Amino acid sequence: MNEKKETARPAFIAKIIASFTHELKNHLAIIRESAGLMSDMIEYKGGGSEEDKKKYLDILKSIHKQTERSSGFITYLNRFSHRMDRIRDSYDINEALEDITVLMSRLANHRQLILENNFRDNLPSVYGNAAVVQFICYCIIEQKMFSLASGGSILVCAEEAGDKMNIKIISNGTIKEGSEESDFCLSETIDLFLKSISGEITKNDSKNETTLTIPLAISEAD
Amino acid sequence: MPQTKVLLVDDEKEFASTLSERLCLRNFDAKAVFCAEDALSVIRHESPDVILLDLKLPGMSGMELIRTIKLYDHTIEIIVLTGHGKSTDEIMSIVFDYVVKPVHIKEILPRIERAAQQRKEALLESANVQE
């Protein structure tokens with residue numbers, strides 16, 4: 001059990017980064033094939049007709065779109081990675097949650113689930129360890145993804161509550177049979193990390209809602 | 001000489017469609033599908049010689065699909081074409097080859113040709129056994 005707990009966090013980081021690099025490789029493969037197709041068309045067809053020109057333009061648009069996709073993903077990956085080298089910092093909770101939902105959306109897609117966010121404007125900055133908050137959110141989302149049947153959805157949102165911030169993770173859909181016997185051991189891992197950010201978790205089973213409450217500012221003594 | 005039938009299975013639609021078009025330009029009978037369900041339907045109706053398969057597909061794992069294909073027709077050759085850098089012994093024991101994206105088409109073509117040749121020989125062998 002201890003080993004599982006100890007490896008849960010690096011596993012989370014590895015899973016996210018692996019998912020990212022997989023996605024980036026796909027983008028690069030599309031860019032390569034699109035450029036290759038353009039060369040092929042010139043080589044095999046001569047490529048002078050209006051129809052060919054339209055095709056070239058479509059290919060160039062595709063190359064542009066893929067480079068934009070990669071660039072966007074790299075931005076999230078960069079932000080996600082940097083959160084781990086700052087133990088305490090002031091951060092935008094919406095941005096921290098957006099990193100996770102974007103990075104986990106591929107994992108959700110493969111389980112035929114929808115992972116979405118609904119962020120409120122003008123939320124105050126939080127001072128604390130964003131990477132740990134992200135990790136706990138990941139654990140909660142992963143548990144919900146494990147138990148949801150295909151076609152379900154998970155919503156992530158944040159709201160201010162006095163001197164605290166509530167992060168709500170709400171699942172919607174059919175629960176898979178036997179999913180309560182999940183082998184993730186994530187609940188104990190969550191408890192372990194909750195203390196370090198002075199956070200607490202409440203569950204509302206009737207709404208399939210899990211709320212992570214964190215202080216807006218963690219004191220240096222914590 | 002009949003064209004080699006190649007089926008590309010990848011949820012990255014642009015990748016699969018573009019590579020399929022490039023294979024058609026090189027005289028292959030190539031087709032792209034974007035999910036496991038469509039792949040199985042094409043396999044049942046068109047019996048491709050070689051399948052280029054991504055391991056991460058919505059709805060069904062790549063390994064599950066590989067097993068289903070081989071159970072349906074063990075002579076169909078499968079080349080895994082994926083963004084995942086690491087193959088497993090289990091996968092390598094079943095598939096013809098394992099290629100990591102992005103890859104140059106010049107590296108893919110000889111693999112497809114060899115896989116198609118292997119299928120041709122397997123079909124001949126099974127025809128001889130039936131006789």
Side-chain angles (χ1 to χ4, degrees), chain A residues 14-15 17-47 51-52 55-56 58-70 73 104-115 145 148-152 176, chain B residues 3 6 8-28 30-32 34-39 52-65 79-88 98-109 111-112:
Chain A
K15 204 167 185 179
I17 292 176
S19 176
F20 247 116
T21 52
H22 177 91
E23 190 73 17
L24 289 174
K25 279 182 182 173
N26 273 327
H27 300 176
L28 294 172
I30 295 169
I31 292 165
R32 170 167 267 178
E33 290 312 318
S34 301
L37 177 58
M38 209 154 165
S39 324
D40 287 353
M41 287 175 72
I42 294 164
E43 188 181 336
Y44 287 82
K45 292 182 167 180
E51 197 186 338
D52 285 343
K55 185 81 186 172
Y56 297 151
D58 287 346
I59 293 167
L60 286 172
K61 273 184 202 162
S62 167
I63 291 171
H64 179 72
K65 196 177 95 188
Q66 296 308 321
T67 51
E68 288 293 303
R69 266 175 87 191
S70 293
F73 260 77
M104 290 185 80
S105 62
R106 188 177 177 89
L107 304 175
N109 285 343
H110 280 117
R111 290 166 174 171
Q112 294 180 314
L113 300 171
I114 297 166
L115 184 56
M145 287 206 298
L148 268 180
S150 299
K176 282 191 286 195
Chain B
Q3 285 178 300
V6 181
L8 288 104
V9 190
D10 198 315
D11 63 333
E12 282 290 341
K13 293 182 183 177
E14 287 189 58
F15 172 77
S17 306
T18 310
L19 184 53
S20 159
E21 203 169 333
R22 297 189 75 194
L23 292 173
C24 289
L25 282 169
R26 287 166 173 80
N27 211 29
F28 287 96
K31 182 174 262 186
F34 316 117
C35 65
E37 200 180 316
D38 289 350
L52 297 181
L53 176 70
D54 185 15
L55 282 181
K56 287 272 182 183
L57 291 169
M60 189 188 269
S61 80
M63 200 56 221
E64 214 178 326
L65 182 59
I79 298 172
V80 172
L81 183 54
T82 180
H84 285 272
K86 208 176 164 191
S87 62
T88 63
Y98 189 100
V99 183
V100 178
K101 290 184 206 168
V103 64
H104 199 287
I105 195 159
K106 282 181 184 166
E107 290 175 49
I108 292 277
L109 292 174
R111 288 177 158 98
I112 295 175

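What you see is a predicted model, and the numbers here were worked out from it, not measured in a lab. Sequence lines set the chain letters: A, B, ... in the order given, protein chains first and strands last, and positions in each chain run from 1.
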What pairs of donor and acceptor atoms, side-chain ones from residues 28-38 of chain A against any protein atom, are under 3.5 angstrom apart with sequence neighbours left out?
unit_1: A/Glu33; atom_1: OE1; unit_2: B/Arg22; atom_2: NH1; d: 2.9
unit_1: A/Ser34; atom_1: OG; unit_2: A/Ile30; atom_2: O; d: 2.8

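Screening B/Ile108, B/Ile79, B/Ile112 for a side chain to side chain contact (heavy atoms under 4.5 Å, CB included) with B/Val6, the sole residue that qualifies is B/Ile112.
Of the listed residues B/Glu12, B/His104, B/Lys101, the one with more heavy-atom pairs under 4.5 angstrom with chain A than any other is B/Glu12.
Within the 4.5 angstrom heavy-atom criterion, no atom of B/Leu81 approaches chain A. Contact annotation for A/Ser62: both backbone and side-chain heavy atoms come within less than 4.5 Å of a heavy atom of chain B.
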**Request:** Could you walk me through whether A/Glu23 and A/His27 pass side chain to side chain contact (heavy atoms under 4.5 Å, CB included), step by step?
**Result:** CA-CA 6 Å; A/Glu23 190 73 17; A/His27 300 176; 3.4 Å; yes
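A salt bridge between A/Lys55 and B/Glu21 is present, with a side-chain N of the basic residue lying under 4.0 Å from a carboxylate O of the acidic one.
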